[in-house]
S.K.: 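Sharing a structure, written as structure tokens. Questions coming.
As the structure lists them, so they are numbered: ligands from 1, and atoms in each ligand from 1.
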Amino acid sequence: MPRIFSGIQPSGELHIGNYLGAVKNWVALQRQYESFFCIVDYHAITVPYDPADLRQRTRDMAISLLAAGIDPSACTLFVQSMVPEHTELAWIFNSVTPLGELERQTQFKEKALRQESVAVGLLTYPVLQAADILLYKADMVPVGEDQVQHLELSREVARRWNTKFATEEAPFFPEPKPLLTPTRRVMGLDGQAKMSKSLGNTVGLLEDPKDIWEKLRPAVTDPKRVRRTDPGTPEVCNIYHLHKAFSPPATVEHVAVQCSTAGWGCIDCKKVLFESMEVELQPIRQRAQEIMDDSKTVGEMLSAGAARARAIAAETLGEVKQLMGLT
Ligand code: SF4
């Protein structure tokens, strides 16, 4: 069975943007591939943060993932810092990665601009990312079209290391391929930018239904639909795109007709969306509550996941060290 690896930042509770954009897809893939899903807390410390907050966000992310359907009996779910081989392999990869290649990364340039003092970890972030993937010799990484180039550096690291320490006929690390997945770019309720916690335009995956409605009610729609009698253009409306994610196809079709003929107002439309969202989100909230009520579950599941991941990670690292003349 081919192996896949994917990581997610410990940003606390999932919002529907990262649920629809990545995690729902992981749930679908976890039984088709040997899957490793990692909460990448080492990646989260390259910018200023509060330790107690990071611990809580890591736990909340684990709860969200489990509630969303990540099943530890079908895949390996773990926290990066519980498997120290990630940083050890990253150091090794630092020794084969040219500085210029890291400095050219767009993400580094953007993030560095926003900070007074830039940590080296921010620059070498993609090297740790390569170590995350290659430690498990993952064949594929689930990505959307827009992220394919991010994977190129990991492929490049694998090539460079193989050239130095393995042979062309028997490369040690596979070059991980993108597993193109139908990821959704979910816009925030402001309709201006991608849904993101930092922009305050999110709907939490575990949010109380009352609060979700309070956010949906004033959410931005087709700006040209000023009066109730103005026909709208569903394709330009974020609410319509959320219908596509949550409502059954027949409802989506009905929304398009009702909108473009001014058959109903935006509040009617949002009420239907709210009901569709509840069908999907209510069981997730319930699972999250059950997990939270059982104080041991999360810790035990993450420890078991880390032990499984570590067995493979230690084997890879042992072979790497042997090939490199390290002890
Ligand atoms: S009716 Fe629905 S799809 Fe049309 S503009 Fe209003 S909220 Fe958007």
S.K.: Side chains of T58 and D41: is there a donor and an acceptor less than 3.5 Å apart?
M.R.: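 D41 and T58 do not have a side-chain donor-acceptor pair below 3.5 Å.
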S.K.: Decide, counting backbone as well as side-chain atoms, whether C266 has an N, O or S atom less than 2.8 Å from atom 2 (Fe) of ligand 1.
M.R.: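 It does not; every qualifying atom lies at 2.8 Å or beyond.
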S.K.: Backbone or side chain, does C269 get an N/O/S atom under 2.8 Å to atom 4 (Fe) of ligand 1?
M.R.: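 Looking at C269, which is the residue asked about, there is no N, O or S atom under 2.8 Å from atom 4 (Fe) of ligand 1.
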S.K.: What residue and heavy atom of the protein are closest to atom 1 (S) of ligand 1, and at what distance?
M.R.: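 That would be R225 NH1, 3.1 Å.
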S.K.: Decide ring pair (Phe, Tyr, Trp, His ring centres under 6.0 Å) for F173 and Y136; before the verdict, give the C-alpha distance in whole Å, the side-chain angles of both, and the deciding distance to 0.1 Å.
M.R.: CA-CA 9 Å; F173 286 114; Y136 303 97; over 10 Å; no
S.K.: For atom 4 (Fe) of ligand 1, what is the nearest protein heavy atom, given as residue, atom name and distance?
M.R.: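 Sorting protein heavy atoms by distance from atom 4 (Fe) of ligand 1 puts C259 SG, 2.3 Å first.
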S.K.: Contact between C237 and ligand 1, counting heavy atoms under 4.0 Å?
M.R.: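 Per 4.0 Å heavy-atom rule, C237 contacts ligand 1.
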S.K.: Could you tell me whether ligand 1 has any atom less than 4.0 Å away from a heavy atom of K270?
M.R.: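 False for this residue.
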S.K.: For ligand 1, which atoms have a heavy atom of D222 less than 4.0 angstrom away?
M.R.: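 Checking each atom against D222, I get 5 (S).
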S.K.: When you look at CH2 of W213, are more than 12 heavy atoms from neighbouring residues, nucleotides or ligands closer to it than 6.0 Å?
M.R.: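 Yes, because the 6.0 Å sphere around CH2 of W213 holds more than 12 heavy atoms from other groups.
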S.K.: Stepwise, does the ring pair (Phe, Tyr, Trp, His ring centres under 6.0 Å) test hold for Y42 with H86?
M.R.: CA-CA 9 Å; Y42 273 138; H86 284 249; 8.0 Å; no
S.K.: For E88 and K321, run salt bridge (charged side-chain N to carboxylate O under 4.0 Å, His left out): C-alpha distance rounded to whole Å, both residues' side-chain angles, the deciding distance at 0.1 Å, then the answer.
M.R.: CA-CA 10 Å; E88 201 171 342; K321 285 164 104 173; 3.0 Å; yes
S.K.: Going through the checks in order, is the ring pair (Phe, Tyr, Trp, His ring centres under 6.0 Å) test met by W264 and H254?
M.R.: CA-CA 10 Å; W264 65 13; H254 186 63; 5.3 Å; yes
S.K.: Just need the protein heavy atom nearest to atom 7 (S) of ligand 1, so name the residue and atom and give the distance.
M.R.: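 Closest protein heavy atom to atom 7 (S) of ligand 1: T221 CG2, 3.5 Å.
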